[in-house]
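Working notes for the structure below.
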Amino acid sequence: MTTPVALTIAGSDSSGGAGIQADLKTFAALGVYGASVITALTAQNTRGVTGIHAVPAGFVTEQIDAVFSDLDIGAVKIGMVAQAASIDAIAAALLRWAPRHVVLDPVMVATSGDRLLATEAVDALRTRLMPLAAVITPNLPEAAALLDAPVAASEAEIESQGRRLLALGCRAVLIKGGHGEGAESTDYLVTAETAIALAAPRVATRNTHGTGCSLSSAIAAGLARGEDLEAAVRNAKTWISAAIAAADRFSVGHGHGPIHHFHKFY
């Protein structure tokens with residue numbers, strides 16, 4: 001019996017709703033064993049981020065090498081990387097270990113609005129990590145920031161930005177529509193061959209902490225289980241929509257509360 005394993009490379013959220021903690025909850029909820037490499041510690045709760053302590057790049061490398069030298073990693077999810085030195089370390093390690101699937105969530109700003117990626121590291125994210133990704137999962141503001149462009153306001157603009165992001169070297173782009181407006185939240189999966197709109201009813205809740213982290217982790221879980229990219233994205237979209245819809249079962253914190261990762265179980 002082979003156990004599917006996924007690795008998250010991301011920052012720690014002390015309140016448990018996003019980052020490493022959300023990723024591991026997602027993997028567990030979807031039947032995948034989760035391993036982790038921590039790039040940064042954050043002092044964080046549902047209201048915001050009050051401190052960030054970046055892990056030295058050399059120790060990021062040690063964690064990655066320890067995991068890959070022992071575990072059969074089916075997919076890697078990359079979230080908060082914090083600084084350019086960590087990006088360089090992660091890129092070098094991925095080239096050395098050549099994982100089958102890399103899902104890159106270009107985390108720049110937390111749900112609370114706090115910045116999680118140094119401004120000077122954005123170019124390193126574009127040039128070092130994006131070309132290694134099977135899929136990147138920016139939201140609308142992140143896609144715009146990666147392209148130094150205004151936030152896309154129409155389906156045509158979103159697809160155009162997806163094509164421009166593909167040209168930076170990744171194999172697919174999922175632009176998330178949660179920051180958009182309207183009765184539906186529509187994500188767009190753009191590849192060299194096609195563009196697919198994935199719509200779900202927009203849920204009226206303020207409990208969305210960790211949504212982006214969890215969606216990218218759900219995609220990685222699907223890839224680790226052997227699903228193709230489109231199936232992994234579709235299944236992740238269905239799962240995250242249900243987790244958001246169940247978020248108000250929780251009463252956690254006084255700001256943007258977490259989604260319900262284990263909505264299928266309780």
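Please read these numbers as outputs of a predicted model, since none were measured by experiment.
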Nearest 0.5 Å, please: how far is [atom2] in [Y] from [atom1] in [X]?
{"X": "Leu30", "Y": "Phe262", "atom1": "CG", "atom2": "CZ", "value": "9.0 Å"}
{"X": "Thr8", "Y": "Phe27", "atom1": "OG1", "atom2": "CZ", "value": "5.5 Å"}
{"X": "Arg171", "Y": "Thr191", "atom1": "CZ", "atom2": "OG1", "value": "12.0 Å"}
{"X": "Ser185", "Y": "Ile240", "atom1": "OG", "atom2": "CD1", "value": "10.5 Å"}
{"X": "Leu189", "Y": "Lys176", "atom1": "CG", "atom2": "NZ", "value": "13.0 Å"}
{"X": "Asp13", "Y": "Met80", "atom1": "CG", "atom2": "CE", "value": "10.0 Å"}

Thinking salt bridges, do [X] and [Y] make one under a 4.0 Å N-O criterion?
{"X": "Arg96", "Y": "Asp65", "value": "yes"}
{"X": "Asp228", "Y": "Arg234", "value": "no"}
{"X": "Asp148", "Y": "Arg164", "value": "no"}

Could you walk me through whether Arg249 and Tyr266 satisfy the side-chain contact (heavy atoms from CB on, under 4.5 Å) test, starting with their C-alpha distance in whole Å, then the side-chain angles of each, then the deciding distance to 0.1 Å, before giving a yes or no? CA-CA 10 Å; Arg249 294 184 204 167; Tyr266 69 92; over 6 Å; no
Quick check: is [Y] connected to [X] through a chain of hydrophobic side chains (ILVMFWY, heavy atoms under 4.5 Å apart)?
{"X": "Val252", "Y": "Val49", "answer": "no"}
{"X": "Ile244", "Y": "Phe250", "answer": "no"}
{"X": "Ile259", "Y": "Val32", "answer": "no"}
{"X": "Ile64", "Y": "Leu41", "answer": "yes"}
{"X": "Leu71", "Y": "Ile20", "answer": "yes"}

Side-chain touch [X]/[Y], heavy atoms, less than 4.5 angstrom:
{"X": "Lys77", "Y": "Cys213", "result": "yes"}
{"X": "Thr26", "Y": "Leu24", "result": "no"}
{"X": "Val173", "Y": "Pro138", "result": "yes"}
{"X": "Arg126", "Y": "Pro131", "result": "no"}
{"X": "Leu165", "Y": "Ile136", "result": "yes"}

Does the [X] side chain pair with the main chain of [Y], one donor and one acceptor, at a distance under 3.5 Å?
{"X": "Gln63", "Y": "Ile38", "result": "yes"}
{"X": "Arg163", "Y": "Val190", "result": "no"}
{"X": "Glu155", "Y": "Ala197", "result": "no"}
{"X": "Ser14", "Y": "Gln44", "result": "yes"}
{"X": "Asn45", "Y": "Gly48", "result": "yes"}

Passing option when Pro106 is tested against Ile78, Leu129, Leu146, Val81 for side chain to side chain contact (heavy atoms under 4.5 Å, CB included):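 The passing option is Leu146.
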If the test is side chain to side chain contact (heavy atoms under 4.5 Å, CB included), which one of Val76, Ile9, Leu7 qualifies with Val67?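 The single option meeting the side chain to side chain contact (heavy atoms under 4.5 Å, CB included) with Val67 is Leu7.
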Geometric class of the Phe68/Trp97 ring pair [parallel <30°, tilted 30-60°, perpendicular >60°]: parallel
Taking atom types as modelled, is there a side-chain donor on [X] or [Y] under 3.5 Å from an acceptor on the other?
{"X": "His261", "Y": "Ser214", "answer": "yes"}
{"X": "Ser12", "Y": "Gln21", "answer": "yes"}
{"X": "Ser160", "Y": "Glu157", "answer": "no"}

